[in-house]
Amino acid sequence: MKFWSQYFVPTLKESPADAEIASHKLLVRAGLVRKLGGGLYTYMPLGLRVMQKLTQLCREEIEAGGGIELWMPHVHPVENWEQGPRWAAAREIMFRTDSAGAGKGRSKEPEFVLGPTHEEVITPLVKQEITSYRDLPKNFFQIATKFRNEIRPRFGLMRAREFVMMDAYSFDANDEAAVKSYFAMKSAYEKFFKRVGIQAIAVEADTGVMGGSFSHEFMVPAEIGDDDVIYSESGYAANREKATSALVPKNIADAAPVGAIEEFATPGVVTIAALATAPYNVPGDQQFKTLVYIGDGKPFIVILRGSDELEEAKIGSLGFTVFRPATAEEIEPVLGAKPGSLGAVKGTIKNADALAGVFADHAIRLIGNGTTGANKDGFHLRNINVVRDLAITKFGDFRRVRPGEPCPQSGQPLQVRRGIEVGHIFKLGTKYSEKFGAVYTDDQKQSHLMVMGCFGIGISRTMQAVIEQSHDADGIVWPWNVAPFHVLICLLDPDSADAMNLAKKLATAAETAGADVIIDDRAERPGVKFKDADLIGIPLRVTIGSKGLKEGIVELKARNSKDVAKISLAEIEQRLAAIVNEEKRKAT
RNA sequence: CGGGGUGUAGCUUAGCCUGGUAGAGCGCCUGGUUUGGGACCAGGAGGUCGUAGGUUCGAAUCCUAUCGCCCCGACCA
């Protein structure tokens with residue numbers, strides 16, 4: 001048991017000026033964290049207790065799902081990252097350092113990075129240690145600090161530059177086994193979030209180059225979330241980056257040409273909207289929108305309906321390591337016109353050979369014959385037929401889904417809501433094992449690449465997500481399993497030896513039943529103690545007051561209820577133990 | 001990185017527009033009265049007004065630069 005007067009729970013009456021959302025304010029007000037700098041937080045004693053509980057729950061479920069815990073360095077030699085597949089894409093968010101600060105004296109300074117995640121460490125380790133199919137599958141995990149130099153940290157622990165994450169890495173002999181590992185982890189995640197006492201739904205997530213449906217994010221529904229979840233009543237749920245709809249029928253017939261291409265002057269018209277108004281009157285959904293990107297140094301084109309938005313993440317499926325929108329200066333020499341008059345009609349592209357490809361969204365088939373830029377400033381072309389006229393390399397899904405479109409599984413209207421990503425599971429395949437040479441020998445003496453998966457749970461972010469999902473006007477309402485303490489004994493008259501003895505006796509009874517107990521023995525007025533008790537959100541409160549003692553009772557109150565039960569001194573020990581046992585049972 | 005905002009005591013802030021002795025509430029310390037939902041009274045400590053320049057007789061206030069923080073966007077392995 002802990003005594004509040006000797007512990008450290010610095011609660012605040014007022015919200016800090018730099019916190020905007022409820023969970024961030026409560027984190028600080030309840031004395032769980034303090035800020036050092038943007039995205040950098042100290043876990044105060046109470047916050048650390050919550051983190052430790054989350055960590056232990058996570059450890060138990062990941063182990064039950066096949067994980068083996070280890071601990072890797074957070075300082076990584078840069079060579080590991082240079083050898084890996086995503087150095088170019090990841091380096092921007094990595095903290096970089098050298099071995100000795102300034103290190104001016106030496107010509108060659110070893111260089112290090114702080115680990116944002118550990119594929120580049122675990123894969124070489126496994127390559128070194130595992131060479132036989134007999135040692136597979138293996139799934140290693142750690143629960144440790146991660147460093148990411150986020151461009152914009154947000155909302156306290158929600159997106160921090162240093163944070164705590166569980167990261168697991170599975171190694172399997174083949175694809176089938178890797179899928180098995182993947183779903184074992186998915187089920188471990190579901191059990192973990194259930195035990196935490198938080199509603200987290202698995203949604204399909206962007207898989208980048210892998211394709212298929214082998215990435216899921218675990219989302220906590222919340223308005224302040226960073227991600228949009230697209231879902232339908234039928235159970236379909238996907239991150240907007242990944243979501244599709246049944247807007248375009250699967251076997252839509254290609255439209256026949258309606259006539260010869262006609263060029264027409266559109267002076268000053270450089271937007272979809274402008275072309276949609278008089279005198280042109282070409283509706284957005286009859287225009288071809290031509291976007292130019294630079295992928296790994298080469299320009300490429302994406303064609304969408306004028307009325308659609310590009311979902312940039314979906315470009316990831318094209319296989320470029322890094323990509324970005326092209327600038328007007330980069331576009332003109334390739335297409336021959338400035339943005340606003342661009343098109344992908346065969347023969348109009350000034351330097352078609354420079355292009356890495358022309359990728360078209362399926363939805364342009366709905367246009368059939370439409371209008372697009374002429375690659376000549378101030379001119380557009382009409383009667384452009386998708387099949388006959390456009391220089392398409394490949395069709396794909398690149399558009400951003402809109403709410404109301406039919407669900408790809410059930411046809412019901414899609415809906416959207418915000419979510420906080422608290423976990424992500426990913427079937428990696430052989431992307432890393434290839435780079436690092438992680439191979440094993442099978443029972444036929446054949447060498448094969450190991451098939452990998454990687455899995456993450458944001459532990460510190462989950463702490464805040466719990467608060468975001470479970471609080472009221474007075475403070476936090478901790479679910480039993482992650483509460484920093486289960487029972488708060490509110491000692492209104494700490495100077496009374498009888499009251500103190502009773503508090504200790506009840507604390508012992510609750511502890512014996514399996515609860516963590518804190519006794520508020522501060523020399524504060526009752527109002528202060530009650531306010532603080534609600535603020536820090538301990539599930540069970542026992543109030544020992546001199547009035548009650550005269551009547552021979554103490555009071556029992558649950559944080560998530562308004563009811564106050566008066567229990568006689570004769571019964572209280574037993575009742576308290578019984579309630580603790582019941583709460584433990586409910587929380588599993 | 002673009003846009004916006006902001007920086008005054010441990011915390012929340014007023015003052016800035018219109019330059020002239022830096023103010024309040026909370027918290028803290030001392031004493032007293034209180035004691036079941038953030039008590040009251042009296043006294044007290046605590047601020048180079050983010051930093052550096054500049055303008056001025058005089059700068060928290062005006063100007064410039066710079067740094068930090070917050071929000072929106074972009075970005076997000």
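Not measured: the values here are computed from a predicted model. Proteins come first, then strands; the chains are lettered A, B, ... in the order of their sequence lines, and each starts at number 1.
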Exercise. Is the shortest distance from a Lys or Arg side-chain nitrogen in A:Arg400 or A:Glu311 to a carboxylate oxygen in the other one below 4.0 Å?
Worked result: yes
Exercise. Which residue lies toward the 5' end of RNA chain B, A:Ile151 or A:Ser15, if each is placed at its nearest nucleotide?
Worked result: A:Ser15
Problem set entry | Residues A:Arg240, A:Asp227: salt bridge by 4.0 Å N-O rule | no
Problem set entry | Rounded distance in Å between the P positions of B:A59 and B:G54 | 12 Å
Problem set entry | Sugar-phosphate only, base, or nothing, as touched by A:Arg461 at under 4.0 Å among non-hydrogen atoms | nothing
Problem set entry | Partner nucleotide of B:G2 by Watson-Crick or wobble geometry (both distances under 3.5 Å) | B:C72
For this session: Find the distance A:Asp18:CG to B:G10:P and express it as a whole number of Å.
Result: 16 Å
Problem set entry | B:U64 to B:A24 separation - P atoms, rounded to the nearest Å | 33 Å
Seminar exercise, completed: Regarding the side chain of A:Lys547, the nearest nucleotide among B:G36, B:G38, B:C71 is B:G36
Problem set entry | B:U61 and B:U8, which share atom name C1', separated by this distance in whole Å | 11 Å
For this session: Name the nucleic acid region contacted by A:Glu92, choosing base, sugar-phosphate or nothing; use a 4.0 angstrom heavy-atom cut-off, strictly under.
Result: nothing
Problem set entry | B:C75 versus B:C63 - spacing of their C1' atoms, nearest Å | 35 Å
Exercise. Is A:Asp493 touching bases, backbone alone, or none of the nucleic acid, heavy atoms closer than 4.0 Å?
Worked result: nothing
Exercise. Got a salt bridge between A:Asp532 and A:Arg522, using NZ or NE/NH1/NH2 to carboxylate O under 4.0 Å?
Worked result: yes
Exercise. Just how far, in rounded Å, is P of B:C71 from CD1 of A:Ile21?
Worked result: 9 Å
Exercise. Rounding to a whole Å, what distance do you find between A:Glu312:CD and B:C76:P?
Worked result: 7 Å
Seminar exercise, completed: The nucleotide from B:G38, B:C70, B:G36 with an atom nearest the side chain of A:Leu535 is B:G38
For this session: Check every strand shown and say whether A:Phe155 touches a base, only sugar-phosphate, or nothing at a heavy-atom separation below 4.0 Å.
Result: sugar-phosphate
Seminar exercise, completed: Looking only at B:G36, B:A39, B:U12, the nucleotide nearest the A:Pro16 side chain is B:U12
For this session: Go through B:G38, B:G36, B:C69 for me and flag the one nearest to the A:Lys35 side chain.
Result: B:C69
Exercise. B:A14 pairs with which nucleotide, Watson-Crick or G-U wobble, both distances below 3.5 Å?
Worked result: none
Exercise. Between A:Ile93 (CD1) and B:C1 (C1'), how many Å, whole number?
Worked result: 16 Å
Exercise. A:Phe530 side chain: which of B:C75, B:G38, B:G37 is closest?
Worked result: B:G37
For this session: Under 4.0 Å between any heavy atoms, over every strand shown, what does A:Asp532 touch: base, sugar-phosphate, or nothing? Just pick one.
Result: base
For this session: Return the nearest nucleotide to the side chain of A:Lys13; candidates are B:G27, B:A74, B:C71.
Result: B:G27
Problem set entry | Partner nucleotide of B:U30 by Watson-Crick or wobble geometry (both distances under 3.5 Å) | B:A42
For this session: Round to the nearest Å and state the distance from A:Phe95 atom CZ to B:C76 atom P.
Result: 17 Å
Exercise. Nearest to the side chain of A:Glu14 - B:C70, B:U12, B:U35?
Worked result: B:U12
For this session: Searching all strands shown, indicate the nucleotide that pairs with B:U35 (Watson-Crick or G-U wobble; both distances under 3.5 Å).
Result: none
For this session: Just call it for A:Arg154: base, sugar-phosphate, or nothing, with non-hydrogen atoms closer than 4.0 Å on any strand.
Result: sugar-phosphate
Problem set entry | Of A:Arg324, A:Lys298, A:Glu312, the residue whose pairing with A:Tyr293 passes side-chain hydrogen bond (donor to acceptor under 3.5 Å, both in side chains) | A:Glu312
Exercise. Ignoring hydrogens and angles, are the base of B:G4 and the side chain of A:Arg152 linked by a donor-acceptor pair under 3.5 Å?
Worked result: no
Problem set entry | A:Glu162 side chain to A:Tyr41 side chain, donor-acceptor N/O pair below 3.5 angstrom | no
Problem set entry | Closest listed nucleotide, where the reference is the side chain of A:Arg525 and the choices are B:C76, B:G36, B:U35 | B:U35
For this session: Return the nucleotide paired to B:U21: Watson-Crick means purine N1 to pyrimidine N3 with N6-O4 or O6-N4, wobble means G-U with N1-O2 and O6-N3, both under 3.5 Å.
Result: none
For this session: Check the pair A:Arg418 / A:Asp228 against salt bridge (Lys or Arg N to Asp or Glu O under 4.0 Å), numbers first and verdict last.
Result: CA-CA 5 Å; A:Arg418 303 286 282 176; A:Asp228 283 329; 2.9 Å; yes
Exercise. Atom CZ of A:Arg522 and atom C1' of B:G37: how far apart are they, to the nearest Å?
Worked result: 13 Å
Problem set entry | P-based separation of B:U66 from B:C29 [nearest Å] | 43 Å
Seminar exercise, completed: Result for 5'-nearest mapping on RNA chain B, choosing between A:Gly156 and A:Leu492, is A:Leu492
Problem set entry | Pairwise C1' distance for B:C40 and B:G53, with rounding to whole Å | 49 Å
For this session: For the residue pair A:His424 and A:Phe426, categorise the inter-ring angle as parallel (less than 30°), tilted (30 to 60°) or perpendicular (more than 60°).
Result: tilted
Problem set entry | Separation between the P atoms of B:C71 and B:U12, rounded to whole Å | 14 Å
Problem set entry | A:Glu241/A:Lys314 ion pair, N-O < 4.0 Å | no
Exercise. Just checking A:Arg91: base, sugar-phosphate only, or nothing, at a heavy-atom cut-off of under 4.0 Å?
Worked result: nothing
Exercise. Does B:G7 have a Watson-Crick or wobble mate here (both distances under 3.5 Å), and if so which one?
Worked result: B:C67
Exercise. Atom OH of A:Tyr293 to atom C1' of B:C75: distance rounded to whole Å?
Worked result: 12 Å
For this session: Could you tell me whether A:Gly38 contacts a base, only the sugar-phosphate backbone, or nothing, with contacts defined as non-hydrogen atoms closer than 4.0 Å?
Result: sugar-phosphate
For this session: Could you tell me the separation between the CZ atom of A:Arg161 and the P atom of B:C76, rounded to a whole number of Å?
Result: 18 Å
Exercise. Out of B:G37, B:C76, B:A39, which nucleotide sits closest to the side chain of A:Arg159?
Worked result: B:C76
Exercise. Say you pick atom C1' in B:A22 and the same atom in B:A65; how far apart are they, in whole Å?
Worked result: 26 Å
Exercise. What nucleotide, of B:U13, B:G38, B:G36, holds the atom closest to the side chain of A:Ala17?
Worked result: B:U13
For this session: Measure up the A:Phe300 and A:Phe320 rings against each other and bin them: parallel (under 30°), tilted (30 to 60°), perpendicular (over 60°).
Result: parallel
